[in-house]
Amino acid sequence: MFHILLETRLKAAVHLVMPDADPASVQVRPSSDSKLGDYQSNAVMGLAKAAGKNPRQLAGEILGRLEVADLCSAVEVAGPGFLNFRLAEAAMAAVLEEANRGQHLFFEPVTDPKTVVIDFSSPNVAKPMHVGHIRSTVLGDALARTLRLLGHRVITDNHIGDWGTQFGMLLLGWKTRLDRAALERDSIGELERIYKEINRACELEAGVRDQAKAELVLLQGGDERNLGIWKEMIRLSQIQFDAVYGRLGVRFDHTLGESFYNPWLGGLVKDLVLEGVARESDGAIAVFSDGSVPAKEDPLKIQRDGEWQDQPLLIQKSDGGFNYATTDLATLEHRIRTWSPSDILYVTDGRQQSHFRQVFTVFKRWRPEAAAGVRLVHVWFGSILGEDGRPFKTRSGDTIKLGELLDEAEERALGVVREKRPDLMEVEQREIARVVGVGAIKYQDLLPNRQSDYTFSWDKMLALNGNTAPYLQYQYTRAAKLVRDGGDGGSKEAGIRLETGEERALARHLLNFGWALTAMGEEQRPNYLCNYLYELAGLSSRFYEACPVLKSEEPLRSSRLALCQLTARVLKTGLDCLGIEVSDRM
RNA sequence: GCGCGGGUAGCUCAAUUGGAUAGAGCGUCGGCCUCCGGAGCCGAAGGUUGUGGGUUCGACCCCCGCCCCGCGCACCA
């Protein structure tokens with residue numbers, strides 16, 4: 001909140017002193033250390049360097065033009081040229097009072113809303129959702145929620161895997177080996193079983209492979225029976241997806257799977273060839289480098305045995321089939337044409353980096369005018385490892401199903417709830433365990449820097465202290481309970497008084513909620529918000545420790561209740577951005 | 001081989017992208033319950049940021065070399 005006000009004022013002052021300076025380089029952020037002040041700017045040192053000036057002297061000149069008397073009690077130049085701002089208590093209290101009246105929650109919706117398409121989750125039809133889908137799903141959902149809260153127009157699109165060669169085997173399996181009763185009981189399990197069985201049979205006898213291939217050709221040719229079976233498989237899969245998404249609280253605006261783009265793929269390839277972007281190579285159609293960038297930066301080049309060779313993007317296989325690159329190009333074109341987004345975010349794992357670099361590059365060459373207006377971002381993430389440091393699997397080496405993972409999380413959380421709160425009724429214990437269990441899985445996933453691999457640990461994610469979902473949820477519950485117990489007598493109009501260091505520390509951190517939200521949105525890094533909330537939780541806990549709330553005298557009591565109320569609201573809103581629920585009792 | 005990541009406290013991870021004294025949790029050690037709040041709070045010890053150079057007021061972050069680890073490198077997605 002204040003960082004934006006101060007930044008605007010500082011930019012104005014810089015402009016008066018150095019009219020040519022780039023305003024974007026002038027930034028104000030919360031102080032790294034509260035002893036130094038509440039906000040700081042490091043911009044003057046950079047400006048001085050660029051202009052060959054003495055930084056402290058320049059800082060002095062800018063300070064002379066800076067008008068912040070209404071906001072700050074002190075502004076100082078420190079060290080080599082840091083600017084330190086100390087907020088005036090009245091200004092701080094005024095903003096807290098506004099928030100308490102419900103005028104804002106320490107952030108303002110953006111003035112220039114963007115249209116952002118987010119592509120995430122993308123499970124495959126006829127397969128169970130598994131651990132590999134957690135990060136994409138949880139991260140994508142958190143980004144969507146946060147960007148929406150900030151006022152952007154967000155379109156979420158689940159690009160499910162509902163087309164491809166695997167359907168040849170699935171169709172053959174459906175026709176020859178389907179157990180109807182098993183399909184009734186556990187449709188995905190049965191689809192998985194027939195797929196595995198046919199897959200195995202294919203390796204043993206060539207005839208089966210040919211049969212599967214024939215089924216695929218029929219499907220692609222529009223055979224009605226195969227289309228019917230295929231649609232039924234999608235329907236059954238969607239039921240499973242919806243069940244998992246329901247538990248995770250994730251929803252999509254669109255589910256346009258790969259098959260949606262089928263009608264355009266042939267024309268797309270022809271067009272790319274016609275435009276001279278793609279050409280035939282070993283029977284396949286591929287896009288080669290156009291040499292417009294140095295080989296080192298060219299995603300369509302690779303160095304092998306000491307020399308640069310082509311690393312083309314295949315858009316049609318030699319058998320006439322299409323690749324996922326073809327679909328990705330068609331998808332991109334469709335999204336731009338349909339929604340005119342300013343950004344498209346692809347939330348997938350890091351192994352697909354080179355693929356997306358290639359697709360983006362090829363698209364820019366194919367449709368330069370469409371590509372010019374949109375920022376394509378691959379929001380990639382690392383893998384989830386087991387405690388042995390290897391990819392996270394069951395003991396027997398199988399992939400872990402997402403539904404079962406959530407079951408276990410809730411079950412383990414229930415164990416803790418029963419131990420800590422034996423006084424609650426079973427239904428209530430179960431509800432708390434659900435909120436805590438699912439929240440813990442999500443938070444563990446969002447807390448690490450998304451680009452690093454992380455180690456999955458039940459004990460750590462469900463721990464009651466430390467940077468975990470249960471801890472944050474608990475701190476919310478404490479704050480909410482104090483507010484409930486305090487009654488709401490006049491608290492909306494309460495004057496804010498910051499008498500102790502703990503109150504002041506809590507208050508100044510509350511002010512920075514918007515800063516954390518923005519940082520998360522701009523960099524697609526939920527860990528910024530996680531760490532902000534964790535600090536808030538710690539500060540609020542220290543505040544309760546030092547400051548009696550309900551037992552204090554008015555007007556302090558109302559002021560402190562208001563701080564509790566604001567803390568609860570920020571924690572709840574922040575956790576909601578992460579897709580994490582809270583409970584009024586824990 | 002080339003590309004993309006990573007290497008930070010005993011362990012698991014941060015460090016808002018070049019800022020001030022590198023921070024948390026766990027573990028270890030030591031404290032705090034006649035509390036509105038214990039699923040809590042406070043404190044201590046613990047670091048040559050893989051390694052050797054360089055750039056500058058300032059480097060975990062940028063540049064160069066080297067050592068480990070993971071992932072990816074035509075017709076799977």
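Within every chain, numbering begins at 1; the chains are lettered A, B, ... in the order of the sequence lines, protein sequences first and strands thereafter.
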Task: Chi-based syn or anti call at B:U51, which uses purine or pyrimidine torsion atoms and a 90° bound - done: anti

TODO: Decide if the gap between the ring center of A:F260 and the ring center of A:H159 is smaller than 6.0 angstrom.
DONE: no

- [ ] Indicate whether the side chain of A:D328 and that of A:Y261 have a donor and an acceptor atom separated by less than 3.5 Å.
- [x] no

TODO: Answer with base, sugar-phosphate or nothing: what part of the nucleic acid does A:C547 contact at a heavy-atom distance below 4.0 Å?
DONE: base

Open item on the list: Just by distance, no angles: are the side chains of A:R525 and A:N449 close enough, under 3.5 Å, to form a donor-acceptor pair?
Closed with: yes

Task: Geometric class of the A:H133/A:H130 ring pair [parallel <30°, tilted 30-60°, perpendicular >60°] - done: tilted

Task: Options B:G25, B:G40, B:A20, nucleotide nearest the side-chain atoms of A:Y534 - done: B:G25

Open item on the list: If you compare every side-chain N and O of A:S452 against the phosphate oxygens of B:A14 (OP1, OP2), does one of them come in below 4.0 Å?
Closed with: yes

Open item on the list: Using a heavy-atom cut-off of 4.0 Å across all strands, would you classify A:T455 as base, sugar-phosphate, or nothing?
Closed with: sugar-phosphate

TODO: Any strand is fair game: report the nucleotide pairing with B:C62 by Watson-Crick or G-U wobble, both distances under 3.5 Å, or none.
DONE: B:G54

- [ ] Quick one: label A:N42 by what it contacts on the DNA or RNA (base, sugar-phosphate, nothing), any heavy atom closer than 4.0 Å.
- [x] base

- [ ] May I ask you to say what A:R542 touches in the nucleic acid, namely base, sugar-phosphate or nothing, with a heavy-atom cut-off under 4.0 Å?
- [x] sugar-phosphate

Open item on the list: Treating primed atoms plus P, OP1 and OP2 as sugar-phosphate and everything else as base, which nucleotides of nucleotides 67-77 of chain B get B, S or - for protein heavy atoms under 4.0 Å?
Closed with: ----SSBBBSB

Open item on the list: Under 3.5 Å for both donor-acceptor distances, Watson-Crick or wobble: does B:U12 have a partner, and if so which one?
Closed with: B:A24

Open item on the list: For a quick check of understanding: with a heavy-atom distance under 4.0 Å over all strands, which category does A:A546 fall into, base, sugar-phosphate or nothing?
Closed with: nothing

- [ ] Assign A:E522 to base, sugar-phosphate, or nothing according to its heavy-atom contacts below 4.0 angstrom with the strands shown.
- [x] nothing

TODO: Select base, sugar-phosphate, or nothing to describe what A:W380 touches, counting heavy atoms under 4.0 Å on all strands.
DONE: sugar-phosphate

- [ ] Let me know which of A:Y532, A:Y528, A:F106 forms a ring pair (Phe, Tyr, Trp, His ring centres under 6.0 Å) with A:F513.
- [x] A:Y532

Open item on the list: Work out how far the C1' atom of B:G18 is from that of B:C60, and round it to whole angstrom.
Closed with: 11 Å

- [ ] Please report, rounded to the nearest Å, how far the C1' atom of B:G40 is from the CE atom of A:M586.
- [x] 12 Å

- [ ] Rounded off to whole Å, could you give me the CG-to-C1' distance for the A:L47 and B:G19 pair?
- [x] 15 Å

- [ ] Please state the C1' separation for the pair B:U17 and B:G30 - nearest whole angstrom.
- [x] 39 Å

Task: CG-CG distance between A:L219 and A:L171, expressed to the nearest 0.5 angstrom - done: 5.5 Å

Open item on the list: Using a heavy-atom cut-off of 4.0 Å across all strands, would you classify A:Q353 as base, sugar-phosphate, or nothing?
Closed with: sugar-phosphate

TODO: To the nearest Å, give me how far apart CG (A:N467) and P (B:A24) are.
DONE: 12 Å

Task: Gap in Å between the two C1' atoms, one belonging to B:C13 and one to B:A77, rounded - done: 31 Å

Open item on the list: Quick one about A:T518 and A:E522 (side-chain donor to acceptor, distance below 3.5 Å, no hydrogens or angles considered), yes or no?
Closed with: no

Task: Nucleotide B:G58, atom C1' - distance to CZ of A:F82 in whole Å - done: 8 Å

Open item on the list: Expressed as a whole number of angstroms, how long is the span from A:L529:CG to B:A15:C1'?
Closed with: 16 Å

TODO: Any strand is fair game: report the nucleotide pairing with B:C71 by Watson-Crick or G-U wobble, both distances under 3.5 Å, or none.
DONE: B:G3

Open item on the list: For a quick test of reading the model: is some side-chain N or O of A:R421 closer than 4.0 Å to OP1 or OP2 of B:A39?
Closed with: no

- [ ] With the side chain counted from C-beta on, respond yes when A:F2 and A:P30 share a heavy-atom pair under 4.5 Å apart, and no when they do not.
- [x] no

TODO: Quick one: look up who B:C41 pairs with, Watson-Crick or G-U, both distances under 3.5 Å, and put none if it's unpaired.
DONE: B:G31

- [ ] Check whether any side-chain nitrogen or oxygen of A:R29 sits under 4.0 Å from OP1 or OP2 of B:U17, and answer yes or no.
- [x] yes

TODO: From the options B:U16, B:U21, B:A39, select the nucleotide whose nearest atom is closest to the side chain of A:W515.
DONE: B:U16

Open item on the list: Whether the A:N512 and A:Y39 side chains hold a donor-acceptor pair (N or O, under 3.5 Å, no angle test) is what I'd like checked.
Closed with: yes

Open item on the list: Assuming nearest nucleotide by heavy-atom distance, tell me which of A:R525 and A:D33 is located more 5' along RNA chain B.
Closed with: A:R525

Open item on the list: Tell me if the side-chain of A:Q451 makes a donor-acceptor pair with the base of B:G6, cut-off 3.5 Å, by modelled atom types.
Closed with: no

TODO: Look at all strands and tell whether A:K49 reaches a base, only sugar-phosphate, or nothing, counting heavy atoms closer than 4.0 Å.
DONE: base

Open item on the list: Would you measure the distance from the C1' atom in B:C57 across to the matching atom in B:U16 and give it in whole Å?
Closed with: 23 Å

Open item on the list: Suppose we define a pair by two distances each less than 3.5 Å, Watson-Crick or G-U wobble; what does B:U49 pair with here?
Closed with: none

Task: Interatomic distance where OH belongs to A:Y544 and P belongs to B:G40 [whole Å] - done: 14 Å

Task: Partners meeting salt bridge (Lys or Arg N to Asp or Glu O under 4.0 Å) with A:E7 (sequence neighbours left out) - done: A:K11

Open item on the list: Taking only the C1' atom of each, what is the distance from B:G50 to B:G70 in whole angstrom?
Closed with: 16 Å

TODO: Say whether A:S541 and A:R478, considering side chains only, have a donor N or O and an acceptor N or O under 3.5 Å apart.
DONE: yes

Open item on the list: Students often get this wrong, so: under 4.0 angstrom with heavy atoms, is A:M45 touching a base, only sugar-phosphate, or nothing?
Closed with: base

Open item on the list: Please give the distance between the C1' atoms of B:C33 and B:U21 as a whole number of Å.
Closed with: 35 Å

Open item on the list: If the cut-off is 4.0 Å, is A:N449 near the phosphate of B:A15, judged by side-chain N/O to OP1 or OP2?
Closed with: yes

- [ ] Would you mind telling me which of B:A39, B:C41, B:U17 lies closest to the side-chain atoms of A:V436?
- [x] B:A39

Task: A:L36 vs A:V417, nearer the 5' end of RNA chain B by closest nucleotide - done: A:L36

Open item on the list: Just confirming the chi classification of B:A74, syn or anti, using 90° around 0 as the syn window.
Closed with: syn

Open item on the list: Does B:A15 have OP1 or OP2 under 4.0 Å away from a side-chain N or O of A:N527?
Closed with: yes

Open item on the list: Is there a side-chain contact between A:L529 and A:L517 in this structure, where contact means two heavy atoms from C-beta onward sitting under 4.5 Å apart?
Closed with: yes

Open item on the list: Under 4.0 Å, counting only non-hydrogen atoms across every strand here, what does A:D328 touch: a base, just sugar-phosphate, or nothing?
Closed with: nothing

- [ ] Using only side-chain N and O atoms of A:Y471, determine if any of them is under 4.0 Å from OP1 or OP2 of B:G38.
- [x] no

Open item on the list: Measuring from the side chain of A:N531 (C-beta onward, heavy atoms only), which nucleotide among B:A39, B:U16, B:A14 has the closest atom?
Closed with: B:A14

- [ ] Measure the distance from CG on A:L446 to P on B:C13 and round it to the nearest whole Å.
- [x] 16 Å

Task: Protein-nucleotide distance (A:R56, atom CZ; B:A20, atom P), rounded to Å - done: 17 Å

Task: Separation of the P atoms in B:U55 and B:C71, to the nearest angstrom - done: 37 Å

Open item on the list: I'd like the P distance from B:G54 over to B:U49, given in whole Å.
Closed with: 16 Å

TODO: Kindly point out which of B:A24, B:U12, B:C26 is positioned nearest to the side chain of A:K460?
DONE: B:U12

